[in-house]
There are 2 protein chains.
Amino acid sequence: MSERSNEAGTVGKALNVLDQVAAFDRPVKFSELLESSEYPKATLYRLLKTLLQQGMIAHDDSSGAYTLGVRLVRLAHQAWRTSSLAPVARPYIDALSLEIGETVHLAQLDHAQVLYVDKRNAAVPIEMYSQAGKVGPVYCTGVGKAMLAWSPVPEQTRIIEQQSYHRFTDNTLTSRKALRSELEIICSRGHAFDNEEHEPGIICVALPILSQSGQVLGGLSVTSTTARHTLESLAQLVPHMKTAVGRIAEDAESWRFPEQIRERA
Amino acid sequence: MSERSNEAGTVGKALNVLDQVAAFDRPVKFSELLESSEYPKATLYRLLKTLLQQGMIAHDDSSGAYTLGVRLVRLAHQAWRTSSLAPVARPYIDALSLEIGETVHLAQLDHAQVLYVDKRNAAVPIEMYSQAGKVGPVYCTGVGKAMLAWSPVPEQTRIIEQQSYHRFTDNTLTSRKALRSELEIICSRGHAFDNEEHEPGIICVALPILSQSGQVLGGLSVTSTTARHTLESLAQLVPHMKTAVGRIAEDAESWRFPEQIRERA
DNA sequence: CTAGGAAGTTTCAAATAGTGAAACTTGGTT
DNA sequence: AACCAAGTTTCACTATTTGAAACTTCCTAG
């Protein structure tokens, strides 16, 4: 996909390879990896061997293909529990999705991408892990723009630089300049829209989840279709969302401290 | 927890540190990690810095605490999709849990542990990622024993060696010998029970999911309480489970090949 | 059946990146 | 103001990593 060669250290390289295996999204053979790899054969081979030994990837001997290992699933379970907003936000987004009957997304920023960490869909109740963990672009999603709008300037600048500005629809913002002025509007308005910028017919309204100190913790959005809603009618949901966002932020902050006590039981 | 110092290479060390951060299950400070770490201060510090730079962990500047990073959530999404049985098994365990109205677990072996990759609970519909990713002991769970019973001898031996044999209840098997004879019974009977060996009042029946070549792909269990079931009444569910297990195995095997075609579109 | 070739694995001297004791910096406490 | 603890950096020393090339399999076509 993109050039990311300025990664130093063996650990960085190993994790790059891990990402590469993940990117294929299916069992992948050594030669396929080699083709798309920036590393020479022997290096790639040894990195794979190390990851294998560590249980981060698995190798099917009969087909000779590599897949991600189950150790990752375990680690990620912890990651999701301890470092994502999802566990804290769960009751509030449950309530919100019941109340308004539309799809609710909870997202966080990961580098320059939107990472969806939870989702509620009023129509199709169970569809969770399938969605949690997905990534999307920042510049043409409601949550992405909402989180970006309230990010500190240095990070905001970095992220604006790193977007691809691929045109998905007629409404997609396709330049840094367009995105920057959109962000200003979002800030003064207090919430972000996705006006069919990513997929035709899909619109959404989004709010950032901010800590008391103003730090961006994540984003919350309600998604619908142009058949059922207009931006204006979505905007009417903002007060409900504000409540949820406030409570999530509150809970998230009172979360970290209580357990510091039991240093050594 | 256990001694695992024979890990060579920087990547191994970095991943150890990652595990260590994960093990705390809460934001953890440098000094806490140092205390429980086998590495000297500077080394630990640099490893953390590397992981931080890689997005595998995150660092909260105000509290100075480390947590697992969101990059892991992304990776895990892929791991779960491509290398776990969960996506394949989903429809079958949905059906099974509806049909029998009890909690269904899907698990795989990770090193010497049981890794739960999916769960259906008839009473409480949505509770998924919360359970997927959890680990449990092999020697005193139904799925654990079922998978172990059909594992190839070298691996079986290795895993039997590595169990802790901690006594959770009066019925827990607390020796290699007891476990070995239990495994024989399981093999000849065709399914495994958990007779309150892990938690009092909790019983379960479990089957291994085997490929055509006899390889253990995973395990499936139905869990209940002594209030609602006996081992005998649980055993009556085995035919239903056999059907599900057979279909899961079938689907899992016809899964890997179709997509090999599009090498370079 | 065997020559040719592609895919995967190992070797080894050179080069690089990792190590950790100790010194230093920072921020908070008596 | 002096002290202390937590976190960060330095630097000479070492061990690991590197990658071209050689080697081993194992498959395929003649």
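Quick note on labels: first sequence line is chain A, next is B, and so on, each numbered from 1.
Rounding to whole angstrom units, NZ of residue B:Lys29 and P of D:dA5 are separated by 14 Å. Atom pair A:Lys49:NZ and C:dT9:C1' shows a separation of 7 Å (rounding to whole Å applied). One atom, CZ of A:Phe30, and another, C1' of D:dT25, lie 15 Å apart when rounded to the nearest Å. Atom CD in A:Glu35 sits about 15 Å away from atom C1' in C:dG8, given to the nearest Å. Taking atom OH on A:Tyr39 and atom P on D:dT17, their separation rounds to 14 Å, with Å as the unit. As rounded to whole Å, 14 Å separates atom C1' of C:dT19 from atom CD of B:Glu38. Spacing between atom NE2 of B:His59 and atom P of D:dA6 amounts to 14 Å, rounded to whole angstrom units. Per the geometry, CG belonging to B:Leu47 stands 16 Å off P belonging to C:dA17, to the nearest Å.
B:Arg176 is linked by a side-chain hydrogen bond (donor to acceptor under 3.5 Å, both in side chains) to B:Glu161, counting only residues two or more places apart in sequence or in another chain. A:Tyr92 pairs by the side-chain hydrogen bond (donor to acceptor under 3.5 Å, both in side chains) definition with A:Asp251, not counting sequence neighbours. For the ring-ring contact (aromatic ring centres under 6.0 Å, His included) test, residues two or more places apart in sequence or in another chain that qualify with B:Phe168 are B:His166, B:His198.
The backbone N or O of A:Glu155 sits nowhere less than 3.5 Å from a side-chain atom of A:Ser151 that would complete a donor-acceptor pair. Looking only at distances, no side-chain donor or acceptor of A:Glu184 sits under 3.5 Å from a matching main-chain atom of A:Arg180. In this structure, A:Gln163 contributes its side chain and A:Ala112 its backbone to a donor-acceptor pair below 3.5 Å.
Contact annotation: the side chain of B:Arg74 approaches that of A:Asp19 to within less than 4.5 Å [non-hydrogen atoms, C-beta and beyond].
An OP1 or OP2 oxygen of D:dT9 is reached within less than 4.0 angstrom by a side-chain nitrogen or oxygen of B:Tyr45. B:Thr10 has no side-chain polar atom (N or O) that falls below the 4.0 Å cut-off from OP1 or OP2 of D:dT16. Side-chain nitrogen and oxygen atoms of A:Lys13 include at least one within less than 4.0 Å of the OP1 or OP2 phosphate oxygen of D:dT18. The phosphate of D:dT17 (OP1 or OP2) has no side-chain N or O of A:Arg46 nearer than 4.0 angstrom.
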Would you tabulate the nitrogen or oxygen pairs shorter than 3.5 Å linking the protein to nucleotides 27-30 of chain C?
none

Can you tabulate the close N/O pairs, meaning under 3.5 Å, that link protein atoms to atoms of nucleotides 24-26 of chain C?
none

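Counting all heavy atoms, side chain and backbone alike, B:Val143 lies closest to B:Ala206 at N-CB, 3.5 Å.
Aromatic ring orientation, B:Phe30 versus B:Tyr45: perpendicular (interplanar angle above 60°, classes split at 30° and 60°).
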Worksheet item: Should A:Val21 and A:Leu48 be marked as a side chain to side chain contact (heavy atoms under 4.5 Å, CB included) after you check the CA-CA gap, both sets of side-chain angles, and the distance that decides it?
Response: CA-CA 10 Å; A:Val21 173; A:Leu48 284 168; 4.3 Å; yes

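When the nearest nucleotides of DNA chain C are assigned to A:Ser31 and B:Pro40 by heavy-atom distance, the more 5′-ward of the two goes with A:Ser31.
Summary of helix geometry: the two end axes of the helix from C:dC1-D:dG30 to C:dT30-D:dA1, each defined by five base pairs via their C1' atoms, are inclined to each other by 30° (rounded to 10°).
Interatomic distance, A:Gln162 CD to A:Gln113 CD, rounded to the nearest 0.5 Å: 9.5 Å. In this structure, the separation between NZ on A:Lys13 and CG on A:Leu44 is 12.0 Å, given to the nearest 0.5 Å.
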